[in-house]
Enquirer: 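Once you've had a glance at the structure underneath, I'll fire off some questions.
Just so we're on the same page: letters track the sequence lines, and every chain starts at 1.
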Protein chains: 2
Amino acid sequence: MATMNDVAKLAGVSVSTVSYALTGVRPVGDKTRARIQAAMDELGYQPNAIARSLASRRTRIIALLFPAIEHGLSGAALEFVTAAAEAAREQGYHLVLWPIGNDEVSETRDLIQQRLADGVVVMEVRLEDPRVTLLGQSTTPFTLIGRTAEPAGLDHADIDFDATVAGAIDHLVELGHRSIAFLSRSSASRDSGYGPAVRTEEAFEKYMTDRDLPVVIRHCEGTADAGRTALTELTVAHPDLTALVTMNDPATFGAMAELLDRGHRIPDDVSVLSIVSSPKVGALSHPRLTTMCAPGTELGRLGVTSLIERIEGTQAAPLHELIPCRLDVQATTGPGPFASGRLEHPQGGT
Amino acid sequence: MATMNDVAKLAGVSVSTVSYALTGVRPVGDKTRARIQAAMDELGYQPNAIARSLASRRTRIIALLFPAIEHGLSGAALEFVTAAAEAAREQGYHLVLWPIGNDEVSETRDLIQQRLADGVVVMEVRLEDPRVTLLGQSTTPFTLIGRTAEPAGLDHADIDFDATVAGAIDHLVELGHRSIAFLSRSSASRDSGYGPAVRTEEAFEKYMTDRDLPVVIRHCEGTADAGRTALTELTVAHPDLTALVTMNDPATFGAMAELLDRGHRIPDDVSVLSIVSSPKVGALSHPRLTTMCAPGTELGRLGVTSLIERIEGTQAAPLHELIPCRLDVQATTGPGPFASGRLEHPQGGT
DNA sequence: TCGGAGTGTCGAAACGCTTCGACTAACCGC
DNA sequence: GCGGTTAGTCGAAGCGTTTCGACACTCCGA
């Protein structure tokens, strides 16, 4: 494997000149540059990434911290990771995966101290997140995908849950719905301070209250069976329900199955709108599910790009970006059982 | 940030002794070791990963090569990547993601020459794969997840498509089915030499022929709509069809929707079995889909573990592992419309 | 005509580790 | 009691870059 020394010898210059030719830190004469280029081509030279990192104290490696267990945004997660890796590569960086249990926070400290990464992207951030606390105490640049309870001083990009929920409610209300329930994640997830659960529920309550509509929120484990049970209980407690906002893919499918089993038509009797989901998942249901699609790709790119700017000192403004989910209207949302008039909502749908 | 030098000074020994205490390459006296340990604790010392890599010519980094586009085993891919990253970390290695288009093969060469990674895991291997050719010419250790047309000399782990298809057919034949169609990936995918498509189709043909059963294979794009169309055409051409083996999640859901729309009951009239899928996906359908679950986690671990053995020279035998998908019987496979006798299959099901 | 401001290049000193050869003591079998 | 191991330690030479200070030129305005 050719080294810089070999190139320098072949080109008849010193190693430092080769380095300058490569990095552009200092000017190099045209003729010299050409000779160096020729030598590099001849030897098939590629700079050794590790040596470069050691000398420059910059590794061009970004660590992606993610809890291996519990993939909240499961569908979007792969998209997200892929987008992050691509964005990194485009800018000459590498992305290393740091699968870390939520308990093994000390590993985060090791990661930082090993100086393997120039910066860190944190996924699946919790409202109170010890990893973030740790990073905050270090000098390592980092960005959050998601956000803590108090994210003001931190670089972060997250789903705009507020706008997403508002959009979901708007869509249904425009169709004439008044009695809308929210099928959320498990209460355990909520209680542990899982941001998406907390924020969507708050937003749902706010926007429904703003409209003087009743607030019905149901927690549900992430299984189809739990979804069935939840739906049964919901319809018993609220027989006039005409629409369901969900944030729980397996439960959504379970709930829809239960609806069909009970002889309800979708969307003629009940509309279903799954938020923080993806068209890919939506495509699997029958009828095809109306979703609000999590911006995994955008968040991945944004997190990495912004982190790199931070590392390189070119960051203009701190990253405080909230991206709403995009509405993808398919076949599970419709005017509901009161289509004719659409002025008043009928009491007692189902 | 404390360096080894600081530790050595504080402990009153030379740096090389500290290094030996850390790596165990040469013995160190108990008292000395204790002093060194104390010094490390006091300083909060963590060895600098980059410096270590440069000096030892071992980075403890593994590159995961994956084409960002077209995630064949989409559902399993995240699982796979996570498992690979975890396995790596357990053994003190890091996993870096190398999202590389199938065209940008030259990037593979750069990757190798930069000496950033000690070894490479290749995902989504094609029957003729230029990346593999390139790696074969280098001295870099690598393992394949998947395999080329002639994988004999190469370390690889893959799904045992043969056994998987055999298992699928067995399951259906035991239930009494005789007229079974295979809904595969797109013909483009097959023609481009996508291993899973090629191998499952060959296996399907073989095992059906072995049993003197008709071979019906239908290619299908990966969308629900394509699945609907495919199903329509299949039932027209083969009205006696009682079972469907599929390897195409979106198309499977489309086909099932079409079946229901046409008034067929699942599994009473037609059974559906999705192979190289996952229970997670299966849980979304109604009725719940019987699947054969892709061993993403196992493959991820296996690929990384074996690669590390290879790197460290402790590999006993070459990696030639084929793992079949595990059958997860749910609600979409059953005896079919000929349950009563189960000896002869009736002509003309539908 | 001279000082100063670029240009272009070089040599050497890092960067923080591993590893090699050498050396000292202690211990062994005979 | 003597050569031969073995345990334990040290100093120094890398690993392949980047970066700093220095130096030699050329060019330009005063």
Side-chain angles (χ1 to χ4, degrees), chain A residues 1-37 39-40 43-61 92 94 110 112-118 311-312, chain B residues 1-37 39-40 43-61 92 94 110 112-118 311-312:
Chain A
M1 191 101 325
T3 74
M4 211 150 162
N5 222 315
D6 302 331
V7 175
K9 271 187 193 139
L10 187 58
V13 298
S14 77
V15 281
S16 50
T17 305
V18 177
S19 175
Y20 292 133
L22 222 47
T23 61
V25 171
R26 287 191 187 178
V28 169
D30 288 345
K31 288 181 60 179
T32 316
R33 162 169 286 113
R35 283 213 315 286
I36 291 173
Q37 188 58 55
M40 295 201 303
L43 296 171
Y45 171 77
Q46 280 276 116
N48 180 310
I50 297 295
R52 174 172 277 198
S53 297
L54 181 59
S56 66
R57 260 139 299 182
R58 292 271 316 283
T59 63
R60 301 188 81 82
I61 290 177
H94 306 301
D110 296 350
I112 300 171
Q113 298 217 117
Q114 284 179 197
R115 309 260 97 170
L116 212 225
D118 288 341
I311 291 169
E312 302 190 337
Chain B
M1 189 102 326
T3 74
M4 208 151 168
N5 222 316
D6 302 331
V7 176
K9 272 188 193 138
L10 187 57
V13 297
S14 76
V15 281
S16 50
T17 304
V18 177
S19 175
Y20 292 133
L22 222 47
T23 61
V25 171
R26 286 189 189 181
V28 169
D30 288 344
K31 288 181 56 180
T32 316
R33 161 169 288 111
R35 282 212 316 286
I36 291 173
Q37 187 60 54
M40 293 200 303
L43 296 170
Y45 173 76
Q46 279 276 116
N48 180 311
I50 296 294
R52 174 173 277 198
S53 297
L54 181 59
S56 66
R57 260 138 297 184
R58 294 270 317 284
T59 63
R60 301 188 80 82
I61 289 176
H94 307 300
D110 295 348
I112 301 170
Q113 298 217 114
Q114 284 180 195
R115 308 263 97 171
L116 213 225
D118 287 340
I311 290 170
E312 301 189 338

Enquirer: Tell me what A:S19 touches on the nucleic acid: a base, only sugar-phosphate, or nothing, going by heavy atoms under 4.0 Å.
Expert: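 A:S19: base contact, heavy atoms under 4.0 Å.
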Enquirer: To the nearest 0.5 Å, what is the distance between CG (B:D6) and CG (B:L43)?
Expert: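 That separation rounds to 6.0 Å.
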Enquirer: Measure the distance from CE on B:M1 to P on C:dC17 and round it to the nearest whole Å.
Expert: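 From B:M1 CE to C:dC17 P: 11 Å.
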Enquirer: Between the protein and nucleotides 25-27 of chain D, which nitrogen or oxygen pairs come in under 3.5 angstrom?
Expert:
none

Enquirer: For the side chain of A:R115 and the backbone of B:I50, is there at least one donor-acceptor N/O pair under 3.5 Å apart?
Expert: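 No, the answer is negative, given that no donor and acceptor are paired below the 3.5 Å cut-off.
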Enquirer: State which of C:dT19, C:dG16, D:dT17 makes the closest approach to the side chain of B:A55.
Expert: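 Given the options C:dT19, C:dG16, D:dT17, the side chain of B:A55 is closest to C:dG16.
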Enquirer: Looking at every strand, decide which applies to A:T23 at a 4.0 Å heavy-atom threshold: base, sugar-phosphate, or nothing.
Expert: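 Touches sugar-phosphate only.
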Enquirer: Can any side-chain N or O of A:S53 pair as donor or acceptor with the backbone N or O of A:A49 at less than 3.5 Å?
Expert: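 Checking the backbone N and O of A:A49 against the side chain of A:S53, a donor-acceptor pair under 3.5 Å is found.
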Enquirer: Quickly work out the B:N48 CG to C:dA14 C1' distance and round it to whole Å.
Expert: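 Roughly 14 Å, once rounded to whole Å.
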Enquirer: Among the candidates C:dT18, C:dC15, D:dT17, find the nucleotide nearest to the side-chain atoms of A:A51.
Expert: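 It is D:dT17.
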Enquirer: Rounded to the nearest Å, what distance is computed from the NZ atom of residue A:K9 to the P atom of nucleotide D:dT17?
Expert: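 Taking atom P of D:dT17 as the reference, NZ of A:K9 is at 13 Å.
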Enquirer: To the nearest Å, give me how far apart CG (B:N5) and P (C:dG16) are.
Expert: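 Answer to the nearest Å: 9 Å.
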Enquirer: For nucleotides 5-13 of chain C, give me one character per nucleotide, 5' to 3': B if any protein heavy atom sits under 4.0 Å from the base, S if the only such contacts are to the sugar-phosphate, - if neither.
Expert: ---SBBBB-
Enquirer: Using atom CZ of A:R58 as one end and atom P of C:dC15 as the other, report the distance to the nearest whole Å.
Expert: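 Whole-Å distance recorded here is 18 Å.
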Enquirer: A:L54 CG to C:dA14 P: how many Å, rounded?
Expert: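 The distance from CG of A:L54 to P of C:dA14 comes to 14 Å, rounded to the nearest Å.
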Enquirer: For the pair made of CZ in B:R57 and P in C:dG16, what is the distance, rounded to whole Å?
Expert: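 Going from B:R57 (CZ) to C:dG16 (P), I get 18 Å.
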Enquirer: Measure the distance from CD1 on B:I36 to C1' on D:dG8 and round it to the nearest whole Å.
Expert: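 In whole Å, D:dG8 C1' and B:I36 CD1 are 11 Å from each other.
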